[in-house]
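Worksheet: one structure, shown below.
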There are 2 protein chains.
Amino acid sequence: MNNYLQTHRYLLQYSIKPSVQRTAVMDYLLKNRTHPTIDEIYSALSPSMPTLSKTTVYNTLNLFLEKGAVQQLVIDEKNARYDIDMSLHAHFICKQCGKVHDIFNLKPELFEKPENTGFSIQNVEISYSGICNSCKGN
Amino acid sequence: MNNYLQTHRYLLQYSIKPSVQRTAVMDYLLKNRTHPTIDEIYSALSPSMPTLSKTTVYNTLNLFLEKGAVQQLVIDEKNARYDIDMSLHAHFICKQCGKVHDIFNLKPELFEKPENTGFSIQNVEISYSGICNSCKGN
DNA sequence: TTTTATCTTTGTACTCGTTATAAAATTAAT
DNA sequence: ATTAATTTTATAACGAGTACAAAGATAAAA
């Protein structure tokens, strides 16, 4: 029922020293693949960790980023969003509700770094946008 | 020497009523293909238009967006950036200096909307990042 | 031309995401 | 047990963007 130890080990793989807070945040990310914002993470954990500070959530995610344990999505104009899934996939953001969804099974060519651009590309981000089905009903 | 009238006509094509401020902003965008931020536009125009307000620049670009005369790039975590080039192209952002560059001549397939994703995709944005050559020297 | 109505611009105040900072708390080292 | 180093926390500060209402400009009506 409690996979505190699993998450603990997961953090160590990225050479992140596991504190209670870091473990809780990583545990949340592993279980909630919704590309949450800082605020969503904080609001979700806060009830069961009343002393948790939002600054800690910021610090923690910046650390995870540095260590390569998560990626930051730059797709939402309002907030930064975080994704533990480091595999090749794209995202769809609904312009109405703001929810971000994964898009898997795209051709791997899409994620190739183009040649002869004059830039040494480190990272590729493919973002789609539109209105999601549940918002269309409204 | 002055293409005020050209820009004037350009705005009308997008059914934007051309005021002095709107014309100045559009003129700047047409001549500076650097994906400028609001602040960059304001700072550039402010000396020759001392009464210009930053709010007007915000209003103007939101109007241009609505009318489809520009696209907003969500690639820079810090600021929104604007691009009058509506053709199919991608962007590269330097993680160090933050400058955004165009990447043209990519395969058109990259910009196709994938099928059977469960979302009706309206827009495709391809963003590359890394360190640009002039920053590498430092 | 005047008057009136509509639209646009402007400045200020405000919101909100994020970072800076320094004190308190926890963990590790001696 | 003491001391040093790391982490967390709360508060303040910053900065991008928006809300709002007054002032200014443009268009329409008289």
Side-chain angles (χ1 to χ4, degrees), chain A residues 4 7-8 11-12 14-28 35-67 69-70 72-82 93 95 98 100, chain B residues 4 7-8 11-12 14-28 35-67 69-70 72-82 93 95 98 100:
Chain A
Y4 181 89
T7 308
H8 210 269
L11 287 172
L12 289 173
Y14 290 95
S15 36
I16 296 163
K17 206 185 287 181
S19 69
V20 177
Q21 291 83 348
R22 288 169 184 174
T23 306
V25 171
M26 182 52 90
D27 200 55
Y28 181 82
H35 323 92
T37 63
I38 294 286
D39 221 70
E40 284 165 355
I41 298 169
Y42 173 75
S43 301
L45 299 181
S46 184
S48 55
M49 292 185 82
T51 72
L52 182 66
S53 161
K54 201 178 278 189
T55 306
T56 300
V57 183
Y58 274 103
N59 291 340
T60 300
L61 276 140
N62 285 334
L63 178 70
F64 288 2
L65 266 181
E66 271 172 42
K67 298 293 188 175
V70 301
Q72 189 180 45
L73 305 184
V74 183
I75 187 176
D76 181 342
E77 299 130 66
K78 313 281 177 193
N79 312 298
R81 293 181 167 275
Y82 299 90
I93 184 168
K95 284 175 183 168
V100 173
Chain B
Y4 181 89
T7 309
H8 211 269
L11 287 172
L12 288 174
Y14 290 94
S15 37
I16 295 163
K17 206 184 288 181
S19 69
V20 178
Q21 291 83 348
R22 288 169 185 174
T23 306
V25 171
M26 183 52 89
D27 200 55
Y28 181 81
H35 323 91
T37 64
I38 294 286
D39 221 70
E40 285 165 355
I41 299 170
Y42 173 75
S43 300
L45 298 181
S46 185
S48 55
M49 292 186 83
T51 72
L52 182 66
S53 162
K54 200 178 279 188
T55 305
T56 300
V57 183
Y58 275 102
N59 291 341
T60 301
L61 277 140
N62 285 334
L63 178 69
F64 288 3
L65 265 181
E66 272 173 41
K67 299 292 188 178
V70 300
Q72 189 180 45
L73 305 184
V74 183
I75 186 175
D76 181 342
E77 299 130 67
K78 312 281 178 195
N79 312 299
R81 293 180 166 276
Y82 298 89
I93 185 167
K95 284 175 183 167
V100 174

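Keep in mind the model is a prediction, meaning the values are calculated, not measured. Naming convention: chains lettered A, B, ... in sequence-line order (proteins, then strands); numbering from 1 in each chain.
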Checklist entry - How does protein reach along nucleotides 5-14 of chain C, written 5' to 3' as B (base within reach of a heavy atom under 4.0 Å), S (only sugar-phosphate), or - (no contact)? => result --SSSBBB--
Next on the checklist: Categorize B/Asn62 for me: base, sugar-phosphate, or nothing, with a 4.0 angstrom heavy-atom threshold over every strand shown.
Outcome noted: sugar-phosphate
Next on the checklist: Considering only residues two or more places apart or on different chains, which pairs with a residue in residues 17-27 of chain A satisfy salt bridge (Lys or Arg N to Asp or Glu O under 4.0 Å)?
Outcome noted: A/Asp27-A/Lys31
Checklist entry - Are any of the side-chain heavy atoms of B/Val74 and A/Val74 separated by less than 4.5 Å? => result yes
Please list, one pair per line, the donor and acceptor atoms closer than 3.5 Å that link side chains of residues 56-63 of chain B to other protein atoms, with sequence neighbours excluded.
unit_1	atom_1	unit_2	atom_2	d
B/Asn59	ND2	B/Thr55	O	3.4
B/Thr60	OG1	B/Thr56	O	2.6
B/Asn62	ND2	B/Tyr58	O	3.4

Next on the checklist: Expressed as a whole number of angstroms, how long is the span from A/Lys78:NZ to C/dT18:C1'?
Outcome noted: 16 Å
Checklist entry - By a strict heavy-atom criterion of less than 4.0 Å, which residues belonging to residues 37-48 of chain B are in contact with DNA chain C? => result none
Checklist outcome for this item: Looking only at heavy atoms, the pair that brings B/Pro47 and B/Ser43 closest together is CD-O, 3.1 Å
Checklist entry - Residues two or more places apart in sequence or in another chain: which of them pass side chain to side chain contact (heavy atoms under 4.5 Å, CB included) with A/Ala24? => result A/Leu45, A/Met49
Next on the checklist: Give me the atom names and distance for the closest heavy-atom approach of A/Tyr42 to A/Leu52.
Outcome noted: CE1-O, 3.4 Å
Checklist outcome for this item: Applied to residues 37-60 of chain A, the salt bridge (Lys or Arg N to Asp or Glu O under 4.0 Å) test, sequence neighbours excluded, yields A/Asp39-A/Lys54, A/Glu40-A/Arg81
Checklist outcome for this item: So the contacted stretch of DNA chain D, first to last nucleotide with an atom under 4.0 Å from a non-hydrogen atom of chain A, runs from D/dT6 to D/dT11
Item to check | Qualifying residues under side-chain hydrogen bond (donor to acceptor under 3.5 Å, both in side chains), relative to B/Gln72, sequence neighbours excluded | outcome: B/Tyr82
Checklist entry - What pair of heavy atoms forms the shortest contact from A/Ala69 to A/Met26, and how long is it? => result CB-CE, 3.9 Å
Next on the checklist: Ignoring hydrogens, what is the shortest heavy-atom contact between B/Gly98 and B/Asp76? Give both atom names and the distance.
Outcome noted: O-OD2, 4.4 Å
